[in-house]
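For reference, the structure is listed below as structure tokens.
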There are 2 protein chains.
Amino acid sequence: MNWRDVPSLAALRAFDAAARAGSFSQAARELNVTHAAIAQHVRSVESDLGASLLVRQGRGVVLTDAGARLADALSDGFGQIIAGVKSVRADVDSRPLSITATHNFAESWLMPRIGKFWAKYPEIALSIVPSNKLVDLRKDGFDVGIRYGDGNWPGLETTHLLAADYTVVAAPGVVKTDQIAQSGATWFFEDAHQESQRWVREAGLIGPSQKSVTVSTLGMALSAVRAGGGITIAASALVSDDIRDGRLIALSQTQPEGIGYYIIHPPGVLSDRVKTFKKWLLKAL
Amino acid sequence: MNWRDVPSLAALRAFDAAARAGSFSQAARELNVTHAAIAQHVRSVESDLGASLLVRQGRGVVLTDAGARLADALSDGFGQIIAGVKSVRADVDSRPLSITATHNFAESWLMPRIGKFWAKYPEIALSIVPSNKLVDLRKDGFDVGIRYGDGNWPGLETTHLLAADYTVVAAPGVVKTDQIAQSGATWFFEDAHQESQRWVREAGLIGPSQKSVTVSTLGMALSAVRAGGGITIAASALVSDDIRDGRLIALSQTQPEGIGYYIIHPPGVLSDRVKTFKKWLLKAL
DNA sequence: TTCATATGAAAGCTCAGCTAACATAATGAA
DNA sequence: TTCATTATGTTAGCTGAGCTTTCATATGAA
């Protein structure tokens, strides 16, 4: 497509608006600029093409023959562009909001609450994809994500959701708070969380004779622990429900360390649906 | 036409180019920008619409479904716009170059030389409209003009063509150079040129008993003077041919005073035809 | 493995696009 | 006819959209 001899698109749009309005002032109001901007654009298109396109007549302007022909083409062209954009927006708005979250967060925090979201916003369909991978939101087609980390992901806007302190939990009666290492209780560790395991050892919360079992998900660890099978460590936010409801008791807790759960999305203006979901997340703490 | 929810036209054009090229780098070359500019625009359209449009695949990019649909609409839209501009340009290029010049200049300087222009540029049709009015080039549909004055016309580009000194002339033998005021020769003055008349009186070139006749055009004055009927004063450039050819002799001359003949045209890029004509004018002195 | 060519990303530059201000022109009401 | 209103015309000056520059990372061919 040869753009070499085409006046500026901004100028052509200004001319298009003036042509259809028959007035620089009216065109200015429609495009939210001053009449001076319209006038400058129109005259620059005229100068570029070497033809008069709009001439003053009374309190407005009228199209010359050349102007009428150009205006027809621009009307068609810009009409197609606007229609195409509108159509893509409509398609985007009609598919579910696509959300990615870590497995743990999805299972322990989001899914238990999602019913309330749907109750409040039945018109917003969601597609929740648990993934521990650092997915590329854009490439993989997600609108918004919840990620665990330090919040420093270049090219993304991040909003802090939950601090990442950890709590050691067990079912009531399984172990006394000050005798975690001396108890015979089994430690359940999630595979991926080497860091929290290291913390447990450095805090002296695991005895030499204590068994430890590594499982693949926090959900599995929590199932075992809820059943009185032992002790585990998890992000505090993910076990806060169990603690509140008395299914588990808090035995020990780390200090927050700048790591946490964050809402992430691409920069720029957010759609209403993403705004709504984000706002709900922040309130559902 | 609702532009409210439409991404920037520059960004849509960048996307259009990338979509058809399948490569940011190739699109950049086509639009004469860097690949970074293309990438920024494309990602900004994606962010605005909330949809992935182009994804990386190997060394290039491919369209998503949403991207393909938008690309179709943009291709149509931009195609119409470019075709419309091209059509108007073609029309402009097919009509004669429209030139306005003062009557005197047209008659005494331009028309005697225009044959040489047509000989050299037979493909450029001209429409020459003599007019002493300060015409509005744009409103009255002129491509270029020759005006007499100080060269200070806001909103126009001016190029000095001829200085405006004046020469007093008569046919050979009619009057001696140092006896203009003492001769009985009749002064012929052009109606509009009060200023040159004043100069003649202040220079003491007209005697108390000398008759003067006011005519409407310089051409009329020159006809009478060439026939030996008396003396006149004219812009030097306009009588240089008569002097060279011996039909008239120079009796006295004013100093140039910042007034002259100028080529005028609207600001901005000139079409090739206007450039050619202008260049020819400057060489035809 | 190396090299050429692609996209990704962010800091920083600059001029296209605009506003503000004032001038002039046209129209309509009194 | 005069005056108010609303239009376009024009220019100086501001600023952020659009871009470049630079460097990083990814891909594919040799």
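The sequence lines fix the lettering, A, B, ..., with proteins before strands; numbering per chain opens at 1.
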For [N], does either OP1 or OP2 sit under 4.0 Å from a side-chain N or O belonging to [X]?
{"X": "S23(A)", "N": "dA7(D)", "value": "no"}
{"X": "T34(A)", "N": "dT19(C)", "value": "yes"}
{"X": "R13(A)", "N": "dG17(C)", "value": "no"}
{"X": "R43(B)", "N": "dA9(C)", "value": "no"}
{"X": "R29(B)", "N": "dA6(C)", "value": "yes"}
{"X": "H41(A)", "N": "dC18(C)", "value": "yes"}
{"X": "S25(B)", "N": "dT7(C)", "value": "yes"}

Is a side-chain N or O of [X] found less than 3.5 angstrom from the main chain of [Y], in a donor-acceptor match?
{"X": "T158(A)", "Y": "Y262(A)", "result": "no"}
{"X": "R89(B)", "Y": "D5(A)", "result": "yes"}
{"X": "T276(A)", "Y": "D272(A)", "result": "yes"}
{"X": "S98(A)", "Y": "D143(A)", "result": "no"}
{"X": "E46(A)", "Y": "L54(A)", "result": "yes"}
{"X": "R273(A)", "Y": "I124(A)", "result": "no"}

Rounded to the nearest angstrom, tell me the gap between atom [atom1] in [X] and atom [atom2] in [N].
{"X": "N32(B)", "N": "dC19(D)", "atom1": "CG", "atom2": "C1'", "result": "13 Å"}
{"X": "Q57(A)", "N": "dT27(C)", "atom1": "CD", "atom2": "C1'", "result": "13 Å"}
{"X": "Q26(A)", "N": "dT6(D)", "atom1": "CD", "atom2": "P", "result": "13 Å"}
{"X": "L54(A)", "N": "dA7(D)", "atom1": "CG", "atom2": "P", "result": "16 Å"}
{"X": "L12(A)", "N": "dA16(C)", "atom1": "CG", "atom2": "P", "result": "16 Å"}
{"X": "L9(B)", "N": "dC18(C)", "atom1": "CG", "atom2": "P", "result": "11 Å"}
{"X": "F24(A)", "N": "dC18(C)", "atom1": "CZ", "atom2": "C1'", "result": "16 Å"}
{"X": "W3(A)", "N": "dC19(D)", "atom1": "CH2", "atom2": "C1'", "result": "18 Å"}

With nearest nucleotide decided by heavy atoms, which residue, R138(B) or V33(B), maps closer to the 5′ end of DNA chain D?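 Final value for this comparison: R138(B).
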
Nearest nucleotide by nearest heavy atom, which residue falls closer to the 5' end of DNA chain D, A14(B) or H35(B)?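 Per heavy-atom nearest nucleotide, the more 5' residue is A14(B).
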
In terms of side-chain heavy atoms of [X], which of [options] is nearest?
{"X": "R56(B)", "options": "dC18(C), dA26(D), dA10(C)", "answer": "dA26(D)"}
{"X": "V61(B)", "options": "dT19(C), dG18(D), dT7(C)", "answer": "dT7(C)"}
{"X": "Q40(A)", "options": "dG9(D), dC18(C), dC19(D)", "answer": "dC18(C)"}

Please state whether the base of dA4(C) and the side chain of R59(B) form at least one donor-acceptor pair under 3.5 Å?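 By the distance-only test, yes, there is a pair.
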
For DNA chain C, whose closest nucleotide is more 5', that of S8(A) or that of G22(B)?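 Comparing both residues, the 5'-ward one is G22(B).
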
Across the strands shown, which category fits A10(B) at heavy-atom distances under 4.0 angstrom: base, sugar-phosphate, nothing?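 Touches sugar-phosphate only.
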
